[in-house]
S.K.: 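Have a look at this one.
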Amino acid sequence: MAGPQQQPPYLHLAELTASQFLEIWKHFDADGNGYIEGKELENFFQELEKARKGSGMMSKSDNFGEKMKEFMQKYDKNSDGKIEMAELAQILPTEENFLLCFRQHVGSSAEFMEAWRKYDTDRSGYIEANELKGFLSDLLKKANRPYDEPKLQEYTQTILRMFDLNGDGKLGLSEMSRA
């Protein structure tokens, strides 16, 4: 039976939750290097095209190579030939687009260190889940984005899953600098 299981569950152009965004990222960043590039990028683009056609969105060209070049010109902001997480967040309709908000807040290294010192309230050298939750709460308020407690908890857990490389439940400086 040809049911929904036959289609990749990754790129339905609907509003994505933070967790769904992370699933998509991990699926396409198969080697875990923090970028979607090479064959990963081709696979991503093919699935994106299928999802766009399925939702009735058509592009000007039928040539795959031309479409991919057009796509990269539009979304590969630093022109390095690969898609990074912030660029993907602009492509996919992520709910509240909180990842962009998060990345913009820790834009420069000076801002990053200032935020780090402010939210590492126990001066342990790590941002634990409760400190991260405070940071995200302030960030969402600053961006005038409404949220509730379950959503804040989901965002906190998503950020931890994205950046807590050693799985200790807290973020070290080196892990956060990947953000």
S.K.: State which residues pass salt bridge (Lys or Arg N to Asp or Glu O under 4.0 Å) with Lys170; sequence neighbours excluded, sorted by chain then number.
M.R.: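 Once residues adjacent in sequence are excluded, Lys170 has no partner under the salt bridge (Lys or Arg N to Asp or Glu O under 4.0 Å) criterion.
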
S.K.: Could you tell me whether the side chain of Tyr119 reaches within less than 4.5 Å of the side chain of Asp138, counting heavy atoms only?
M.R.: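 Yes, side chains in contact.
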
S.K.: Answer yes or no: is there a side-chain heavy-atom contact under 4.5 Å between Tyr155 and Thr158?
M.R.: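 Side chain of Tyr155 against side chain of Thr158, heavy atoms only: no contact under 4.5 Å found.
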
S.K.: What's the shortest heavy-atom distance between Gly125 and Asp120, and which atoms?
M.R.: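 Looking at all heavy atoms of both residues, the shortest contact is N-OD2, 2.8 Å.
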
S.K.: Are Ser124 and Glu128 linked by a side-chain donor-acceptor pair shorter than 3.5 Å?
M.R.: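 Present: a donor and an acceptor within the cut-off.
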
S.K.: Checking Tyr35 against Asp80: is there a side-chain donor and acceptor pair closer than 3.5 Å?
M.R.: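 Short answer, no.
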
S.K.: If you round to the nearest 0.5 Å, how far is CD of Gln153 from CG of Asp148?
M.R.: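 CD of Gln153 is found 11.0 Å from CG of Asp148.
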
S.K.: Rounded at 0.5 Å granularity, tell me how far OG1 in Thr156 sits from CG in Leu152.
M.R.: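 These two atoms lie 4.5 Å from each other.
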
S.K.: Which heavy atom in Leu160 sits nearest to a heavy atom in Ala129, and how many Å separate them?
M.R.: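 What the structure gives for the nearest pair is CD1-CB, 3.9 Å.
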
S.K.: Are any side-chain N or O atoms of Asp164 and backbone N or O atoms of Leu171, one a donor and one an acceptor, separated by less than 3.5 Å?
M.R.: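 Not confirmed, Asp164 side chain does not pair with Leu171 backbone.
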
S.K.: Using a strict threshold of under 4.0 Å (side-chain N to carboxylate O), is an ion pair present between Lys39 and Glu42?
M.R.: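 A salt bridge links Glu42 with Lys39.
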
S.K.: Going by an N to O cut-off under 4.0 Å, is there a salt bridge joining Glu149 and Lys133?
M.R.: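 So Glu149 pairs with Lys133 through a salt bridge.
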
S.K.: Less than 4.5 Å apart, any side-chain heavy atom of Glu70 and any of Glu66?
M.R.: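 No - every pair of side-chain heavy atoms lies 4.5 Å or more apart.
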
S.K.: Quick check: do Ile83 and Asp29 have side-chain heavy atoms less than 4.5 Å from each other?
M.R.: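 Ile83 vs Asp29: side chains apart.
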
S.K.: Anything under 30° is parallel, anything over 60° is perpendicular, the rest tilted; go ahead and classify Phe44 against Phe71.
M.R.: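 Tilted.
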
S.K.: Looking at every non-hydrogen atom in both residues, tell me the closest pair between Lys82 and Glu37 and how far apart they are.
M.R.: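 For Lys82 and Glu37, the tightest heavy-atom pair comes out as CD-OE1, 3.3 Å.
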
S.K.: Please round to the nearest 0.5 Å and tell me the distance separating atom CG of Asp122 and atom CG of Asn130.
M.R.: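 So the gap between those two atoms works out to 7.5 Å.
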
S.K.: Side-chain contact, heavy-atom cut-off 4.5 Å: His27 with Asn43?
M.R.: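 No, side chains not in contact.
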
S.K.: When you measure from the side chain of Arg123 to the backbone of Arg117, do you find a donor-acceptor pair of N or O atoms at a distance under 3.5 Å?
M.R.: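 It does hold such a pair.
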
